[in-house]
Amino acid sequence: MSYQTPPPLRQRRPSVLRHFSGTIILVLVAIFMVAIALLFTVRVDKVGGTEIGVKVNNLTGGITVIPESGTYIYNGFLNSFFLLDTTVQRLEMTADATRGARDTRDDLRIKTIDGSDVFLDLTINYQIRRDKIEEVVETSGLGDAYKVKWVRDYARSVSRTVFGEMTTEQFYDASVRNEKALKTEQEMNELLKPFGLEVTRVIAEKFRFHSEYEEKIRSKKLADQEVEEQMSKANAAKQNQIFRTVEATKKKDVLIATFEGQMRQLIVQAEAEANKAIKGAEAYAIETERGADAKFYTQEQNAKAILAQGKAQAQATEVMANALEGEGGRNLVKMAYAERLQGMSLTGQPFTISGETERFATVDEAAAATKAKKDKNQ
């Protein structure tokens, strides 16, 4: 058995490097292929504010609704991305070929309840409900099939039925047409609700008849207008009469109210004057009574004063009379007599015929009268 020595280390290094370099190349190639695959399969879509995004899994068929606006990145190989417009859309069905989705006449032919043919221009405003996107996709698909499959077919069918309830004359009445348009809107919404669609407005525009009916209808309409005009004039005259009657009644009521107001004013004035006179008489009576009371009081006080004065004088006289009785009176007379004699001078010679001696004496007449009165009373 022979033993072989391994090659030196410097001889084995190039083979190891070749091994690692080959692995790196494979990894880089794989990364490059993945990048190429991603480049061709990655998709970027943007959802606007009035749009709803729908992502469909191509393998399972699952649906993902994206209601928020923004930018979304997805695998285009595994998924498909669709945008649904939620703004209000218009379906125009008119006789004008330049309007609507079709380049031919597209107005509705309606048979009225009285047998006439009417051609009606109709506009339907509708939109996809944001909360019913899955129903729209499941029943109508991801395209615009809902526009024809549901909205147009139901609009023409329901409109023919509802507007066919009208008579020929009622088409000239805008209020009746609007009423039927509202009924059409309500019935369409009931039918379109399961499909995620909503009608916002039905507009009944122009209407036409067959040419052979146009002149007859126009003539009848003119005659009806003449009748309506005459009736309007009659009603105007009647209203004028009613107005004048009301005006005359108002004037009469105003005059009566004015007269009644004047009468009430005179009554109030008379009552005020009567009350014033009564108050004056009462005041005069009170014043007279007070004056009489004051005069009586004054006279009473004067009488009392006179009586008191008389009593005082009587008392004074009585006191004086009492004082003049006896020595006081005599003294008073003596004093008066003395005063009278003070300025007198007496001359002469006393003599007497008789041999008797006489004495001078004075008599108080008032005192004597008072004494005599007392003696009489006793």
Side-chain angles (χ1 to χ4, degrees), residues 26-94 97-104 106 108 122-161 181 184-203:
L26 289 176
V27 171
L28 293 176
V29 170
I31 294 173
F32 178 75
M33 295 300 293
V34 170
I36 295 297
L38 291 175
L39 181 63
F40 282 96
T41 58
V42 171
R43 297 288 184 270
V44 178
D45 276 302
K46 185 176 182 180
V47 179
T50 60
E51 296 174 328
I52 295 291
V54 178
K55 186 173 66 174
V56 180
N57 191 310
N58 296 332
L59 299 178
T60 63
I63 298 174
T64 302
V65 178
I66 304 174
E68 295 83 7
S69 59
T71 302
Y72 293 89
I73 302 174
Y74 62 95
N75 189 318
F77 177 77
L78 299 177
N79 301 283
S80 298
F81 197 87
F82 300 90
L83 293 175
L84 295 179
D85 187 4
T86 60
T87 59
V88 176
Q89 303 179 58
R90 293 170 63 90
L91 171 61
E92 294 181 318
M93 297 175 289
T94 67
T98 61
R99 293 177 59 186
R102 300 192 176 189
D103 55 358
T104 59
D106 196 30
L108 279 76
L122 198 67
T123 298
I124 309 293
N125 292 344
Y126 67 97
Q127 64 184 131
I128 296 175
R129 294 180 56 177
R130 297 181 67 90
D131 58 338
K132 298 291 185 180
I133 298 300
E134 293 184 2
E135 286 83 348
V136 174
V137 175
E138 291 174 356
T139 57
S140 305
L142 293 167
D144 293 338
Y146 65 89
K147 296 181 180 181
V148 178
K149 188 176 182 180
W150 307 120
V151 179
R152 177 181 172 83
D153 290 346
Y154 277 127
R156 296 184 74 87
S157 175
V158 174
S159 298
R160 285 194 179 100
T161 302
T184 301
E185 175 186 333
Q186 294 172 349
E187 292 192 7
M188 286 188 65
N189 278 327
E190 288 295 326
L191 294 170
L192 294 175
K193 185 184 299 182
F195 308 110
L197 302 172
E198 179 182 12
V199 176
T200 59
R201 191 178 179 188
V202 175
I203 305 171

Practice task
Could you walk me through whether Ile124 and Met93 pass side-chain contact (heavy atoms from CB on, under 4.5 Å), step by step?
Solution key: CA-CA 8 Å; Ile124 309 293; Met93 297 175 289; 4.1 Å; yes
Handout entry: Residues Phe81, Val47; criterion side-chain contact (heavy atoms from CB on, under 4.5 Å); working and verdict
Key = CA-CA 10 Å; Phe81 197 87; Val47 179; 3.8 Å; yes
For [Y], does its backbone N or O pair with a side-chain atom of [X] as donor and acceptor, under 3.5 Å?
| X | Y | answer |
| --- | --- | --- |
| Ser159 | Ala155 | yes |
| Arg130 | Ile52 | no |
| Thr200 | Asn125 | yes |
| Asn57 | Thr60 | yes |
| Gln127 | Thr86 | yes |

Handout entry: Pair Arg156 + Asp106, salt bridge at N-O below 4.0 Å
Key =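 Result for this pair is yes, salt bridge flagged.
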Give, for atom [atom1] of [X] and atom [atom2] of [Y], the distance between the pair rounded to the nearest 0.5 Å.
| X | Y | atom1 | atom2 | answer |
| --- | --- | --- | --- | --- |
| Thr71 | Lys46 | OG1 | NZ | 5.5 Å |
| Tyr126 | Lys147 | OH | NZ | 5.0 Å |
| Phe82 | Ile63 | CZ | CD1 | 10.0 Å |
| Tyr146 | Ile128 | OH | CD1 | 3.5 Å |
| Leu84 | Asp144 | CG | CG | 8.5 Å |
| Glu51 | Asp85 | CD | CG | 6.5 Å |

Exercise for the section: Start with the C-alpha gap between Glu135 and Arg129, add the side-chain angles, then the distance that decides, and say whether side-chain contact (heavy atoms from CB on, under 4.5 Å) holds. Expected result: CA-CA 10 Å; Glu135 286 83 348; Arg129 294 180 56 177; over 6 Å; no
Problem - Heavy-atom closest contact (Lys55 atom, Asn79 atom, distance) - result: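 Where Lys55 meets Asn79 most closely, the heavy atoms are CG-CB, 3.9 Å.
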Exercise for the section: Identify the two heavy atoms, one from Ala145 and one from Ser140, that lie closest to each other, and give their separation to 0.1 Å. Expected result: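 Of all heavy-atom pairs spanning Ala145 and Ser140, the closest is CB-O, 3.3 Å.
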I'd like a table of donor-acceptor pairs (distance under 3.5 Å, sequence neighbours excluded) in which one partner is a side-chain atom from residues 189-197, with atom names and distances.
residue: Asn189; atom: OD1; partner: Val199; partner atom: N; Å: 2.6
residue: Asn189; atom: ND2; partner: Glu185; partner atom: O; Å: 3.3
residue: Asn189; atom: ND2; partner: Val199; partner atom: O; Å: 3.2

Handout entry: side chain to side chain donor-acceptor pair (under 3.5 Å) partners of Thr161, counting only residues at least two apart
Key =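 Side chain to side chain donor-acceptor pair (under 3.5 Å) list for Thr161, sorted by chain: empty.
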